[in-house]
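In what follows, chains are A, B, ... by sequence order, proteins preceding strands, each numbered from 1. This is a predicted model, so every value here is computed, not measured. Note: hydrogens, waters and symmetry copies are ignored here, and every other heavy atom, side chains too, is used.
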2 protein chains.
Amino acid sequence: MATSSPAPPARERILATAFALFYAHGIRGVGIDRIIAESGVAKATFYKHFPAKDDLVLAYLDRVDEVWTGQLHDAAAAAGPDPAAQLVGAFDALGNACRRDGYRGCAFINAAAENPAGSRVHDRTLAHKEEVLSWLAGLARQAGAEDPEGLARTLTLLLDGGLASGALDARPDAPVAARAAAAALVSAAVD
Amino acid sequence: MATSSPAPPARERILATAFALFYAHGIRGVGIDRIIAESGVAKATFYKHFPAKDDLVLAYLDRVDEVWTGQLHDAAAAAGPDPAAQLVGAFDALGNACRRDGYRGCAFINAAAENPAGSRVHDRTLAHKEEVLSWLAGLARQAGAEDPEGLARTLTLLLDGGLASGALDARPDAPVAARAAAAALVSAAVD
DNA sequence: GTGGACCTAGACAGATCTGTCTGCTAGCGT
DNA sequence: ACGCTAGCAGACAGATCTGTCTAGGTCCAC
């Protein structure tokens, strides 16, 4: 989605710059002027593509969703065809994310922290989390868990907790513990 | 702590106002002027008590730590004398927190999302999380878990995940799932 | 009553932020 | 050759933010 247009270079440069800066410094911590300067784009061009900062923020979140969802699915797929194994394998995406430097936690949760409850940004975050939850619930159902929604919910807690904790201390034990706990919960729920 | 001074009314009013506003709108979302206006304090008075906004932010986080740690300990204590039961009981604090309206997730994680990695705010967040972690590890040790640090780490993941998820959707199933998962993990680790 | 601590009221400076507007340039299809 | 689209460069307005400063009020101890 959102790639139906020819994707001109200016828009793409803006988005790539915003992606890096928003994630690294927070949304309110990065001004339009800085994005314009670092993406080498004229102000008028910027405002042609994104009429307001909020529009850029939403496009940023769409890209984050794309990237993170992709990593989650890839990690799950790498675990083989067994849905139960995939549920656990998805946690490798968490480990990989935390290991990257400049890692600063879940971009959605960070964005939601900066925006009021009814805002578009907040709603987008909610939609993203809901999407991950229902994907996990689908896998849990395929795996034959007796309470797929409950298992999926619990796994999202571990995932979100790992995303948050992994951003704080440098030690890599948060993703390891998350994966181990996920494995225990999945095998308990399936058999 | 931090109550050794006579605690004059102006400082307390500022702090109480900051507590509400920072949590509700984010730190960068609230200007000094607004805090001054809503706490009914003169600007000079404000800057006498808090030489810079950052100082107020740290005082705010200290208060958050006080309140949240207190709720956690109270919830654990309410579960009775058994340390294993206390580990699970602590999750009632999560449920209570999520139920309050205006709930917007963990104030520390939100604050860290708005501040760069080396900042004082970030460090304070790290210290708080470390404190909770070691408290849980102590309980886990008393409960006779074979890997108290690992269990404690996993429980913090559920706690942080619950704090984050509970802020997004209104449905109360996140804290319920967190508590249930905690109970399962604790009883598996203890016996 | 005098000095000091504590407070209020609000002007002010300087930076920064979002968003608008004017002018200019380059490519591209017809 | 012409117009259209996309883009660059940067001045500008208006709001807002942090932090300083002046000026004065109130209460209490001595």
Side-chain angles (χ1 to χ4, degrees), chain A residues 2-61 110-111 113-116 119-122, chain B residues 2-61 110-111 113-116 119-122:
Chain A
T3 50
S4 59
S5 66
R11 186 181 211 275
E12 178 53 33
R13 258 181 301 154
I14 294 168
L15 208 40
T17 306
F19 187 90
L21 292 180
F22 280 160
Y23 184 69
H25 304 103
I27 291 168
R28 285 208 255 248
V30 179
I32 297 293
D33 283 345
R34 182 164 180 198
I35 293 173
I36 284 169
E38 297 200 18
S39 62
V41 145
K43 208 160 197 179
T45 306
F46 175 89
Y47 276 101
K48 169 178 279 193
H49 289 291
F50 303 98
K53 188 183 182 181
D54 227 43
D55 296 310
L56 175 60
V57 173
L58 292 173
Y60 155 68
L61 290 180
N110 291 355
E114 296 189 77
N115 287 87
S119 64
R120 289 196 289 165
V121 168
H122 197 101
Chain B
T3 50
S4 60
S5 66
R11 186 179 211 275
E12 178 52 34
R13 256 181 302 156
I14 294 168
L15 208 39
T17 306
F19 188 91
L21 291 179
F22 281 160
Y23 184 70
H25 304 102
I27 290 168
R28 284 207 253 249
V30 179
I32 297 292
D33 283 345
R34 183 163 179 199
I35 292 174
I36 284 169
E38 298 200 16
S39 61
V41 145
K43 209 161 198 179
T45 304
F46 176 88
Y47 278 101
K48 167 179 279 194
H49 289 292
F50 304 99
K53 187 183 183 182
D54 228 42
D55 297 309
L56 175 60
V57 173
L58 292 173
Y60 155 69
L61 291 180
N110 291 354
E114 295 190 78
N115 287 88
S119 63
R120 289 196 288 166
V121 168
H122 197 102

Distance test, side-chain N/O of [X] to OP1/OP2 of [N], below 4.0 Å:
X: Arg13(A); N: dA6(D); answer: no
X: Lys53(B); N: dT18(D); answer: yes
X: His49(A); N: dG7(D); answer: yes
X: Thr45(A); N: dA6(D); answer: no

Nearest-angstrom distance from the residue atom [atom1] of [X] to [atom2] of [N]:
X: His25(A); N: dT16(C); atom1: NE2; atom2: C1'; value: 16 Å
X: Ile32(B); N: dT16(C); atom1: CD1; atom2: P; value: 17 Å
X: Lys43(B); N: dT20(D); atom1: NZ; atom2: C1'; value: 9 Å
X: Arg34(A); N: dG19(C); atom1: CZ; atom2: C1'; value: 20 Å
X: Asp55(A); N: dG19(C); atom1: CG; atom2: P; value: 9 Å
X: Ile36(B); N: dC7(C); atom1: CD1; atom2: C1'; value: 13 Å
X: Phe46(B); N: dG19(D); atom1: CZ; atom2: P; value: 8 Å
X: Tyr47(B); N: dT22(D); atom1: OH; atom2: C1'; value: 17 Å

Could you walk me through whether Asp33(A) and Lys43(A) pass the side chain to side chain contact (heavy atoms under 4.5 Å, CB included) test, one step at a time? CA-CA 8 Å; Asp33(A) 283 345; Lys43(A) 208 160 197 179; 2.9 Å; yes
From dG19(C), dA11(C), dC7(C), pick the nucleotide closest to the side chain of Ala10(B)?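 Nearest to the side-chain atoms of Ala10(B), counting from C-beta on, is dC7(C).
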When you measure from the side chain of Pro9(A), which nucleotide among dT20(D), dG19(C), dG7(D) comes out closest?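 Of dT20(D), dG19(C), dG7(D), dG7(D) is nearest to the side chain of Pro9(A).
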So, under a plain 3.5 Å distance rule, would you say the side chain of Lys48(A) forms a donor-acceptor pair with the base of dG7(D)?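 Per atom types, no contact qualifies.
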To the nearest 0.5 Å, what is the distance between CD1 (Ile35(A)) and CZ (Phe19(A))? 13.0 Å
In Å, rounded to the nearest 0.5 Å, how long is the span from CD1 of Ile36(B) to CD1 of Ile14(B)?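 It comes to 7.5 Å.
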If I compare all heavy atoms of Phe46(B) with all of Val41(B), which pair ends up nearest, and what's the gap?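 Taking every non-hydrogen atom into account, N-CG1, 3.9 Å.
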Nearest heavy atom decides the nucleotide; on that basis, is Gly29(A) or Ala44(A) closer to the 5' end of DNA chain C?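 That would be Gly29(A).
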Pick base, sugar-phosphate or nothing for Ala52(B), based on heavy-atom distances below 4.0 Å to the nucleic acid. sugar-phosphate
Phe50(B) vs Val57(B), test: side chain to side chain contact (heavy atoms under 4.5 Å, CB included). Steps then yes/no. CA-CA 9 Å; Phe50(B) 304 99; Val57(B) 173; over 6 Å; no
